[in-house]
Amino acid sequence: MADASTDSAFVEFQRVQKSYDGETLVVKDLNLSMPKGEFLTMLGPSGSGKTTCLMMLAGFETATNGEIILDGQPINNIPPHKRGIGMVFQNYALFPHMTVGENLSFPLEVRKMGKSDREAKVRRALEMVQMNDYQGRRPTQLSGGQQQRIALARALVFEPELVLMDEPLGALDKQLREHMQFEITKLAHNLGITTVYVTHDQTEALTMSDRVAVFDDGRIQQLAAPDTLYEEPENSFVAQFIGENNTLEGVVKEIKGKNAVVELDGGELIDCKPINVSKAGERTRVSIRPERVEINKDRLQEGVHTLKAEVLEFVYMGDIFRTRLKVAGNEDFVIKTRNAPDQRRLKPGEMIEIGWLPDDCRALDAG
Amino acid sequence: MSDTTETGPVISADGVPLKKSLRRALRRQKLRALGLIAPLLIFVLIAFVAPILDMLFRSVENQIVSNTLPATVEALQDWDENSGVAPDEPVYKALYFDMFLAAEAKRHTRLGSRLNYEKTGLSSLFRSSGRRVDDLGDDYADAFEDIDPRLTEAGFWFSLMSGEGEKNEDPVASSRRRLSGVADSWLFGEVGFAPSQEITQLLPETTRAYSEFAVFTALVDEDVVAEEDPWEAVYVALALDLANADLSSYSGPGIETLRMAQENLGNLPIVPFKDFFEDIDDDWVDPEYWQTIAVFSPSYTSGYFLNSVDLQKTADGIEVRPENQRIYMMLFQRTMFMSLMITGSCILLGYPVAWILANLPMRTANLLMILVLLPFWTSLLVRTSAWKVMLQQQGVINDTLVWLGLVDDASRLVMINNQFGTIVAMTHILLPFMILPLYSVMQTIPPSYLRAAKSLGATNWTAFWRVYFPQSVPGIGAGSILVFILSIGYYITPEIVGGTTGVFISNRIAYHISSSLNWGLAAALGTILLAVVLILYWAYDKIVGIDNVKLG
Ligand SMILES: Nc1ncnc2c1ncn2[C@@H]1O[C@H](COP(=O)(O)OP(=O)(O)OP(=O)(O)O)[C@@H](O)[C@H]1O
Ligand SMILES: [Mg+2]
């Protein structure tokens, strides 16, 4: 976790709380610090307070408690139009009564920029998103992806240092979304803009961001780079939320340095890495990624515990095989194996033995 | 695509060209739909379209003159309207017979009222003349009775006019037409009389007059023609005919009596018709009155419309009315001006209310909406009268101002029975019609537009003016059209609080419909109002585009 008050911080949330109705806290004790030029994604289930955080940063909601600092200045008392933050809305919010060109020159006009400057900047912004030919069109005459690009161009045309995007790709189809993900990251990095991006699509978060903040229940559950997040989730929520994940429940039997032995509810023993557990007797939920499960006994370390498993379902997916097993009473235990020449294709009903490296299995909180 | 063009029209499964069977299927659908809406369609046609067409027709219709005085109108063709002298004897002769018939049918007063719209005095002239046309005939009847008592007997007249030999149906048919025109409805049924060919030739005027009498007696009074004494006009016609009839070769019934009458023609009190009418009223020899009759004799007239815009038709063409008679242009202008003022104040008052309604949470908005709609649930009269209480000189507002010392007791403000009162009351009454469309348009504007504008650096005012306001314009347009069109034709409120300076053109229309009974003028004024509304609608469509109007 990043230190909440580094000098290089460009955006900082300090113990921010937010309540709409005075009864429940929608955002609870939010601490966040972003260096300049970072692409940070807020990821979380619906209603977890992502938009609320963004709105507080943009100035359309005020924090009930705590301080938000932008470039060293507390901004709680600066009105939205003076914050100079570019924003892309979920529904794009392109002004329907203005043409694309007018939409883009609007932020420049309100900044009292001269006509020729405006035109040059608008042209450059449109070039940036490859939409030069659409200057005279109305937003309603554009496709969803084109509107998206215009919204992006409009948020960037006045050269803000911070850009906020609230699920900007939510309305697009998968292919277009992937293409736009790529373009947005490229633009953000090329221009060196600090970006706060909101999504509830974890793939989007993992592929685009420098760091991801996983939100749940008004709190940041984990703030880390995508790979850390995937490979080293700090709690069972993050483990569940990011990527596919198998969980087994049990009690810690003993902890030996970097290894722990957990006794599952059915009496089986497994080896894990203790993360959120500190002593024997604690309940825990262990998490293991499907692709880290080993079915070839020869490749396992000497002396590790293995588990008996019954094959329930085998799915051929081209590059990988996805097999559903019944393991220690859990019928949703999934493993993924690479489609290699020597790889076994399991048959339903077959009984096998599975195991894993202790480091790949994380003993987390009981959830 | 290319396949079908090469092989000709596409054929459906049963071998009929696809286009044709599609059209057939669609037609059946359309007919069914039409059948469903037929009751409403018929209702709308009868209750809405028909009255409007009738109004359009009435605003130019003027058949009453040529229907009631057909012969006079024809005789007037030879008269030069600008000669400055009264017409000659033939016109008065025609007038006598026309007037007699009209008086019998009791239609002369109606014509008098109609012509009175154009020139005052004509109404009383027609009324008094209608009473006195009988006098002339009475003198003749007495003289004929002295010559031979049989000449005043019903049976004798019937056989005399029926004659012998071949019958002539024409006089009765034309009389039936004539009387139908005067009575304004077609007269059906058997007359039981037809003159002979010979008598028609011998006594043309008498035949015409008697035929008219016969048709009227049989079809209007529903009596037997042979049992009724003829009208006085028949004696006058007989005297005219005898003066130049050659009786020598005629041998039909009553010929002796006719001969005797012709021999004693000198005993008849023959006076020129012109003198007779001059004797009734000097105005009958005043060329000005005749000009009016001549100008308004065609079946269709632009007179009502000219009247509606303060012009008048005279013998010399179209002229502006004298200053003291010009009111309609002023009334039209005032109606326009005040409707604009009302629309403007509705926008000013309604916009913020609609804005608040659209931006409040649903539950509160619905509650406030009820307050907006509340006025609809009270009577219009009550609301208007309430404003009387508020605004009058001894009313609530004046009392308060005096009590506060802002206004001197002696110089209380005049806020009612003038334009101010009308504008205030009507703004209040029409306000919901502005708020509702505005509200429904504003509700569809997502708040994210304002946020987007602000995030782009716009101040609250710029965001509102450049982003929110343009999108609410369709609501303003819809509300303005509603309010303006409603207020332009408003009647009750100006009538109650308008006094003399605050009345609208519609009050004048109502006056002409219910008091002066000048329906033609009322129709012309109404038609102009309709045209103004349509033109405004058209202009609005051109400028703003009617597709942009959202009523909800
Ligand atoms: N204007 C508001 N008034 C009251 N409560 C609100 C308001 N806006 C959001 N909330 C509540 O705050 C909580 C968080 O909302 P928020 O919009 O921040 O969620 P989110 O993470 O953006 O969800 P999503 O992914 O669905 O957009 C929700 O429970 C929501 O009901
Ligand atoms: Mg959201």
Side-chain angles (χ1 to χ4, degrees), chain A residues 20-21 51 54-61 78-99 102-113 122 125 138-140 147 150-160 162-168 196, chain B residues 347 351 354-356 358-365 437-480 540-552:
Chain A
Y20 284 108
D21 50 11
T51 301
L54 220 56
M55 287 303 160
M56 286 191 290
L57 190 49
F60 299 120
E61 298 290 350
I78 307 176
H81 66 270
K82 296 228 175 97
R83 298 196 181 182
I85 297 176
M87 191 148 184
V88 181
F89 290 79
Q90 182 160 9
N91 57 2
Y92 314 140
L94 294 174
F95 306 138
H97 59 291
M98 299 184 189
T99 63
E102 286 162 353
N103 260 288
L104 257 67
S105 78
F106 180 83
L108 307 176
E109 272 169 52
V110 299
R111 287 177 170 71
K112 312 232 157 32
M113 194 174 277
V122 167
R138 302 250 162 187
T140 46
Q147 291 182 31
I150 300 303
L152 189 61
R154 190 181 66 177
L156 298 175
V157 71
F158 60 99
E159 294 166 2
L162 177 62
V163 176
L164 312 181
M165 306 190 197
D166 191 0
E167 300 187 32
V196 180
Chain B
I347 294 175
Y351 199 94
W355 192 84
I356 288 172
N359 284 289
L360 279 178
M362 206 58 188
R363 194 133 47 90
T364 333
L438 267 177
Y439 171 65
S440 72
V441 167
M442 287 179 177
Q443 243 188 343
T444 64
I445 305 176
S448 63
Y449 286 134
L450 272 184
R451 292 185 163 182
K454 282 185 217 164
S455 81
L456 293 172
T459 57
N460 284 341
W461 169 251
T462 316
F464 166 77
W465 182 245
R466 297 268 324 263
V467 174
Y468 195 87
F469 182 77
Q471 295 188 66
S472 66
V473 163
I476 297 183
S480 300
Y540 183 88
D541 188 29
K542 280 278 148 200
I543 299 165
V544 182
I546 220 70
D547 320 339
N548 285 331
V549 171
K550 290 196 202 121
L551 288 180

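Lettering of chains follows the sequences in order, A, B, ..., and the numbering in each one begins at 1.
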Geometric class of the B/W465/B/W461 ring pair [parallel <30°, tilted 30-60°, perpendicular >60°]: parallel
Option that, when pairs with chain B are counted at under 4.5 Å, heavy atom only, ranks first among A/M87, A/R83, A/H97: A/H97
For chain B, the option from A/A151, A/A155, A/G59, A/P96 that forms the most heavy-atom pairs under 4.5 Å: A/P96
Shortest non-hydrogen contact from A/V110 toward B/L456: CG2-O, 3.7 Å
Tell me, side chain or backbone of [X] under 4.5 Å from chain B's heavy atoms, or both, or neither?
X      : value
A/L94  : backbone
A/E109 : side chain
A/F60  : both

Donor-acceptor pair, side chain of B/T364 and main chain of B/L360, under 3.5 angstrom: no
Cation-pi geometry met for A/R154 and A/F95 (6.0 Å, 45°): yes
Lys/Arg-Asp/Glu bridge criterion (N-O < 4.0 Å) met for B/R451, A/E61: yes
